Asker: 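Just dropping this structure here.
Given the structure is predicted, the values throughout are model-derived calculations rather than measurements. Order of listing sets the numbers, starting from 1, for every ligand and every atom in it.
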Amino acid sequence: MQENNASRTTQLPANSEDLGVGAQGLDAVGSALADGAGESRSTDRQQTVLVIDFGSQYSRLIARRVRESKVYCELIPHTASWETVAHLNPAGVIMSGGPASVYEDDAPLAPEWVYDCGLPVLGICYGMQAMVHQLGGKVASSPKREYGHAMLQQNSDAGKLFVGLPTDMSVWMSHGDRVTELPAGFSALAFTDNSPVAVIGDDHGRLGIQFHPEVVHTPQGKEVIQNFLYIVCGCSQTWTPGNFVAETVEAVRKQVGDGRVICGLSGGVDSSVVAALIHKAIGDQLTCIFVNNGLLRHQEAEQVRETFERNLKIKLDYVDATEHFLGALKGVEDPEQKRKIIGGEFIEVFEEEASRLGQVDFLAQGTLYPDVIESKDSESKESAKIKTHHNVGGLPEHMRMELVEPLRYLFKDEVREVGIELGLPEEMVYRQPFPGPGLAIRIMGDITSEKLDTLRRADWIVMDEVRANGLYRELWQSFAVLTGSRSVGVTGDFRTYGHVIAIRAVASDDAMTADWARIPHKVLAKISNRITNEVPGVNRIVYDITSKPPGTIEWE
Ligand code: XMP
């Protein structure tokens with residue numbers, strides 16, 4: 001039943017959120033930036049710290065750390081011109097690490113404006129080496145690669161970067177090259193056993209550090225970053241959910257005017273936050289379309305309606321297309337076929353609903369910052385196109401509507417914070433990801449109402465016990481699968497021949513990799529006991545102990 005993930009055509013409601021992530025890991029960022037940061041938030045600007053990406057697997061993490069410090073930042077490519085970033089009101093520049101060596105041909109270097117604009121600059125690892133190289137110092141291959149923990153010792157006065165920090169501190173290193181000669185005007189501020197020059201600085205707020213303050217293995221790294229932001233750059237802590245909501249509400253009003261907006265709601269966090277945010281801005285000019293494809297979990301449709309229609313008073317166009325979807329799926333066993341059919345049907349139903357609403361000018365969608373970064377991959381324009389397309393759920397070309405994408409500059413955890421700020425219920429904001437094709441890819445073989453009913457009951461019990469035992473938030477996903485196998489059992493004096501249900505629970509950070517969760521045996525025992533007692537036709541429960549890879553999270 002397993003297949004190569006890459007071959008899956010992921011079909012979604014109008015948002016890509018149910019992948020649960022920006023779809024790619026940290027290491028995808030490296031080459032993913034290309035043609036400038038020209039398109040950006042355009043309101044009266046708060047300050048921005050620019051993070052130049054030299055291809056480190058940690059670049060995105062640097063951006064996260066800055067945002068967590070309540071300072072807005074954007075990742076930009078090393079080729080970005082000043083014209084494409086000036087409107088961001090830059091307050092400082094951070095240059096990331098990267099896999100290159102500065103003395104290689106074609107090594108990426110910072111644009112000249114970084115050194116001419118008078119802003120503070122913090123070079124991290126390769127970023128520091130690039131700065132040294134470009135300003136006339138020397139970098140050479142180190143006789144010994146330094147990887148892992150090191151003790152950083154400050155020289156007499158290591159300056160603003162280390163305010164409030166001990167003179168000796170543990171840091172995380174990962175480099176082969178090192179600085180051997182400083183550029184004019186710079187002095188060495190700290191060293192480790194293997195790096196005689198591990199921190200440098202000049203009088204213009206240009207600083208370089210050989211270690212990685214962004215990773216958790218540098219315990220005081222956050223303070224180093226914050227010293228740079230608050231003391232060296234003079235940034236204030238204005239990047240908060242409250243400010244974001246106020247600013248975005250303003251921006252949406254400006255963009256939409258008195259136009260009408262539709263938003264495909266899936267019940268997941270991204271589309272829910274988009275809907276709540278836009279509703280706050282323009283009220284009834286927004287209509288949400290919620291398609292029940294008949295493949296949702298027990299009470300899911302009711303819960304979404306309850307939250308949006310009754311509590312938030314958002315206009316909701318609820319379409320029960322169960323018959324439609326189940327009819328189209330009748331007899332279909334192949335997983336890829338199921339996905340294709342569900343995606344196609346979704347577009348058809350959504351389009352029909354949208355056209356019933358009359359003139360609609362805008363389509364709201366939950367594109368997140370990681371999607372934006374990935375779409376900027378110039379070397380793969382084709383894949384960028386596919387992803388953009390995928391983000392609107394593959395809506396046809398002729399449905400020409402302007403996009404409203406208020407979450408375009410947010411990471412997933414920031415979306416959650418904004419959701420809480422907007423008053424969305426915690427169950428919704430911290431909901432585990434649920435795939436667009438729903439229960440169809442958790443029922444092996446063809447889909448019938450009876451099988452859906454069996455799976456829904458079993459799944460409800462899994463969720464109930466997972467929640468009751470306080471495991472819901474720590475698990476990436478937890479659910480039941482109808483395996484398609486039957487087994488012999490015994491109940492009372494009778495032989496049974498019933499369904500086999502598998503329990504799947506995984507821990508993961510981004511769904512790219514996952515480990516099967518070590519759920520306490522007593523919880524598994526309770527789930528097994530309840531399902532075999534409460535769900536007719538099921539006589540055996542197994543626990544899936546496959547990690548990803550080689551397995552996938554879903555069974556199909
Ligand atoms: P896999 O099974 O590939 O899943 O390890 C990774 C994550 O993606 C979700 N998933 C999907 N989400 N449409 C979606 O919206 C899909 O077709 C789809 N397939 C998998 C899955 O639930 C997990 O979070």
Side-chain angles (χ1 to χ4, degrees), residues 1-25 28 264-272 274 290-291 293 295-297 300 304 325 329 332 334-347 350 365-368 370-371 374 386-387 389-395 412 430-444 447 455 459 462-463 466 472-481 483 502-517 544-556:
M1 288 297 173
Q2 298 287 352
E3 60 182 339
N4 183 351
N5 254 350
S7 73
R8 294 179 174 190
T9 39
T10 303
Q11 300 291 356
L12 293 169
N15 296 284
S16 64
E17 66 193 346
D18 283 318
L19 285 168
V21 281
Q24 300 205 351
L265 205 60
S266 70
V269 58
D270 301 348
S271 64
S272 302
V274 167
F290 176 46
V291 178
N293 58 12
L295 303 164
L296 302 175
R297 291 163 294 185
E300 193 160 12
V304 173
F325 278 83
L329 284 169
V332 179
D334 178 65
E336 191 60 13
Q337 268 303 101
K338 287 185 194 171
R339 274 201 170 71
K340 285 205 174 105
I341 291 170
I342 295 165
E345 293 298 314
F346 176 80
I347 291 166
F350 191 85
Q365 66 174 48
T367 312
L368 302 193
D371 305 328
E374 279 149 27
I386 291 165
K387 275 183 190 140
H389 198 62
H390 156 102
N391 285 343
V392 292
L395 290 179
K412 189 87 182 179
Y430 290 99
R431 196 182 91 139
Q432 293 177 356
F434 183 65
L439 300 180
I441 57 171
R442 295 178 181 172
I443 292 175
M444 308 301 100
I447 317 288
L455 182 58
D459 189 72
V462 174
M463 208 46 74
V466 162
Y472 185 81
R473 285 239 202 135
E474 73 188 58
L475 294 173
W476 175 265
Q477 276 170 288
S478 44
F479 53 88
V481 176
T483 64
I503 311 300
R504 182 73 164 142
V506 296
S508 175
D509 286 329
D510 56 8
M512 302 297 288
T513 59
D515 195 9
W516 61 275
D544 182 349
I545 54 167
T546 322
S547 293
K548 173 183 179 176
T552 50
I553 295 175
E554 304 291 345
W555 271 40
E556 281 193 344

Asker: So how far is it from Glu556 CD to Glu336 CD, rounded to the nearest 0.5 Å?
Answerer: 10.5 Å
Asker: Between Gln432 (side chain) and Tyr472 (backbone), is there a donor-acceptor pair under 3.5 Å?
Answerer: yes
Asker: Does ligand 1 have a heavy atom under 4.0 Å from the side chain of Phe434, from its backbone, from both, or from neither?
Answerer: neither
Asker: What distance do Leu368 atom CG and Lys412 atom NZ have between them, rounded to the nearest 0.5 Å?
Answerer: 5.5 Å
Asker: For atom 12 (N) of ligand 1, which candidate among Gly268, Pro435, Ala514, Ser508 holds the nearest heavy atom?
Answerer: Pro435
Asker: Could you list the atoms of ligand 1 found under 4.0 angstrom from a heavy atom of Trp476?
Answerer: 24 (O)
Asker: Working to the nearest 0.5 Å, report the span between CH2 of Trp476 and CG of Asp515.
Answerer: 14.5 Å
Asker: With heavy atoms of Lys548 as the reference, note each atom of ligand 1 found under 4.0 Å away.
Answerer: 1 (P), 3 (O), 5 (O), 6 (C)
Asker: Within a distance under 4.0 Å of any heavy atom of Pro437, pick out the atoms of ligand 1 and give their elements.
Answerer: 13 (N), 16 (C), 17 (O)
Asker: Between the main-chain N or O of Pro549 and the side-chain N or O of Ser547, is there a donor-acceptor pair closer than 3.5 Å?
Answerer: no
Asker: Suppose I only count heavy atoms of Gly436 and a 4.0 Å limit; which atoms of ligand 1 are within that range?
Answerer: 12 (N), 13 (N), 14 (C), 15 (O)
Asker: Side chain to side chain contact (heavy atoms under 4.5 Å, CB included) with Val304: which residues, sequence neighbours excluded?
Answerer: Leu265, Phe290, Phe308
Asker: For Ile553 and ligand 1, does the shortest N/O to N/O distance drop below 3.5 Å?
Answerer: yes
Asker: Nearest heavy atom to atom 21 (C) of ligand 1: which of Gln432, Glu554, Arg442, Lys338 does it belong to?
Answerer: Glu554
